[in-house]
Amino acid sequence: MPNFQPPRAVFAMDPAHLPLLFPPPLMARLKQASDLDPGFVVRDFADPAAAEALARTEVLITGWGCPGLDAGVLAAAPRLRTVLHAAGSVRSLVGEALWERGITVSSAVTGNALPVAEYTLAMILLAGKDTFTHRERFRTSHAYPTDAETAHTGNVGRRIGIIGASRVGRRLLELLRPFDFTLLLHDPYVSPATAASLGAELLPLEDLLRHSDIVSLHAPDIPETYRMLDAGRLALIRDGGVLINTSRGALVDPDALTDELVSGRLHAILDVTEPEPLPAGSPLYRLPNVFLTPHIAGSLGNELERLGRIVVEELERLVAGLPPAHEVRHSDLARVA
């Protein structure tokens, strides 16, 4: 196409992520599909160089560390028509002004959902084997467990409660399907028929909590889900039950959870907390029934290239006149994580 004019694209993110998101082969494809300066990355939209770049930008490639795209930023970018997000949720990045202007938003959230689902699957299997309890005992006793100590260990017939049929929740249900589990689901936007197609039984939240051996949170962080697991609902989980949270710490009342864990009644696997990170004096760092990880379930290291590849493919679709394959719509933010 001799008259083809590639769209002007600009990076807006923490530049430390660029080499992992876009290694040389992917960066070459970005440069081929757009007018892009790979050495220029916006960190502050108030910077004069950023303002000058925004005035000509048609495609903004965002990621972790990108400032919010508020009305002022959009006013400085009159030609902007597409945001390609090389990370997960765009909920904290975009506001009403962007949707009102009709700018297309695409996110690599589906790529980021996979490692979160994989992490959760691993933790469910380990929890079902009571791995963390046996590890703690072995560290001090140096002895193999007795039959009495393994009487309730195993993954056969475990009831796994999934809260939220988000992208992560659905991918997790898919990964869980080959195992000998009973899968339960709570999501107010899902019908019983849809839940059945996902291999799960749809239940009200309270019933799911009562009947699950392991509860895993995958709901979005929105006002309706704030502290959805409060003291009363945590109390519904059976004695010895396991709570896994790879979503957001705000979904659980931190004081109520701490009380349950300090008492030893529940076990928890927490990749996210509130606050994040926990203060140094938190008892959760020391409790044998708590397994804490530092927000590592999402894409890290070599998993970031998957996110970059999604962005490159979306840009190539845009240039070819095709609709985005990973478009995020305003209505999605109310119900999908």
Side-chain angles (χ1 to χ4, degrees), residues 6-45 47 49-50 53-54 57-69 82-94 105-123 166-168 171-172 175 218 221 246-248 271-273 276-277 292-319 324-328 337:
R8 173 65 176 170
V10 170
F11 288 123
M13 63 178 72
D14 185 338
H17 299 308
L18 278 181
L20 290 173
L21 284 168
F22 304 105
L26 289 182
M27 188 66 79
R29 287 170 62 183
L30 279 180
K31 292 171 64 178
Q32 184 175 6
S34 67
D35 175 12
L36 172 75
D37 178 357
F40 180 76
V41 184
V42 174
R43 288 294 306 274
D44 181 359
F45 287 123
D47 182 87
L54 279 177
T57 297
E58 297 169 84
V59 178
L60 198 61
I61 301 174
T62 61
W64 291 298
C66 178
L69 304 180
T82 304
V83 174
L84 303 178
H85 192 50
S89 174
V90 299
R91 188 172 284 109
S92 62
L93 178 68
V94 303
V105 180
S106 171
S107 171
V109 64
T110 54
N112 197 49
L114 177 56
V116 180
E118 291 172 340
Y119 170 102
T120 309
L121 169 65
M123 292 302 170
S166 61
R167 292 178 179 88
V168 175
R171 193 62 187 265
L172 176 60
L175 295 177
H218 302 287
D221 182 8
T246 58
S247 182
R248 289 292 184 269
D271 189 52
V272 293
T273 56
E276 195 172 65
L292 281 175
T293 53
H295 208 141
I296 61 169
S299 297
L300 293 175
N302 61 21
E303 296 165 335
L304 293 176
E305 183 177 348
R306 182 191 289 129
L307 308 185
R309 190 182 315 118
I310 289 173
V311 166
V312 171
E313 291 169 354
E314 289 289 75
L315 179 60
E316 291 171 341
R317 289 179 65 86
L318 172 70
V319 170
H326 301 275
E327 183 175 0
V328 179

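- Note on D221 versus R91: no salt bridge recorded, every NZ/NE/NH1/NH2 to OD/OE distance being 4.0 Å or above.
- Side-chain contact between H218 and S247: absent, with no pair of heavy atoms (C-beta onward) separated by less than 4.5 Å.
- Remark: R171 pairs with E174 by the salt bridge (charged side-chain N to carboxylate O under 4.0 Å, His left out) rule, at least two apart or across chains.
- Under the side chain to side chain contact (heavy atoms under 4.5 Å, CB included) criterion, A297 pairs with V116, Y119, T246, D271, sequence neighbours left out.
- Evaluation of the side chain to side chain contact (heavy atoms under 4.5 Å, CB included) rule for V41 yields F11, M13, P15, L18 as partners, not counting sequence neighbours.
- Not one N or O on the side chain of E58 forms a donor-acceptor pair closer than 3.5 Å with the backbone of P7.
- Between D47 and V42 the shortest side-chain heavy-atom distance does not fall below 4.5 Å.
- Minimum interatomic distance between P38 and M27 (heavy atoms only, all atoms of both residues): CB-SD, 3.7 Å.
- Closest of all the heavy-atom pairs between H85 and G88 is CD2-O, 3.3 Å.
- Between the side chain of T293 and the backbone N or O of H295 there is no donor-acceptor pair closer than 3.5 Å.
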The test is side-chain contact (heavy atoms from CB on, under 4.5 Å); show your working for I61 and V10 and say whether it passes.
CA-CA 6 Å; I61 301 174; V10 170; over 6 Å; no
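- Each side-chain hydrogen bond (donor to acceptor under 3.5 Å, both in side chains) pair with one or both residues in residues 108-118, not counting sequence neighbours, appears once here: T110-H326, N112-S299.
- Counting heavy atoms from C-beta outward, V312 and L315 have side chains that stay 4.5 Å or more apart.
- Here the closest non-hydrogen pair linking F40 and A53 is CE2-CB, 3.5 Å.
- L60 and A12 make their closest contact through CD1-CB, 4.1 Å (heavy atoms, listed as atom of the first residue, atom of the second, distance).
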Going through the checks in order, is the side-chain contact (heavy atoms from CB on, under 4.5 Å) test met by I310 and L84?
CA-CA 9 Å; I310 289 173; L84 303 178; over 6 Å; no
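- Side-chain contact between S34 and R8: absent, with no pair of heavy atoms (C-beta onward) separated by less than 4.5 Å.
- In plain terms, the two heavy atoms of A117 and L172 that are nearest each other are O-CD1, 3.6 Å.
- Checked against T62 for a side-chain contact (heavy atoms from CB on, under 4.5 Å), the options V90, V83, V105 give a single hit: V83.
- With sequence neighbours left out, T57 forms a side chain to side chain donor-acceptor pair (under 3.5 Å) with no residue at all.
- Counting only residues at least two apart or in different chains, side-chain hydrogen bond (donor to acceptor under 3.5 Å, both in side chains) contacts with residues 303-317 comprise R29-E316, S106-E314.
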Using side-chain contact (heavy atoms from CB on, under 4.5 Å), reason through W64 and L93 one step at a time and then give a plain yes or no.
CA-CA 10 Å; W64 291 298; L93 178 68; over 6 Å; no
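- Listed here is the closest heavy atom pair of A33 and V319: O-CG2, 3.2 Å.
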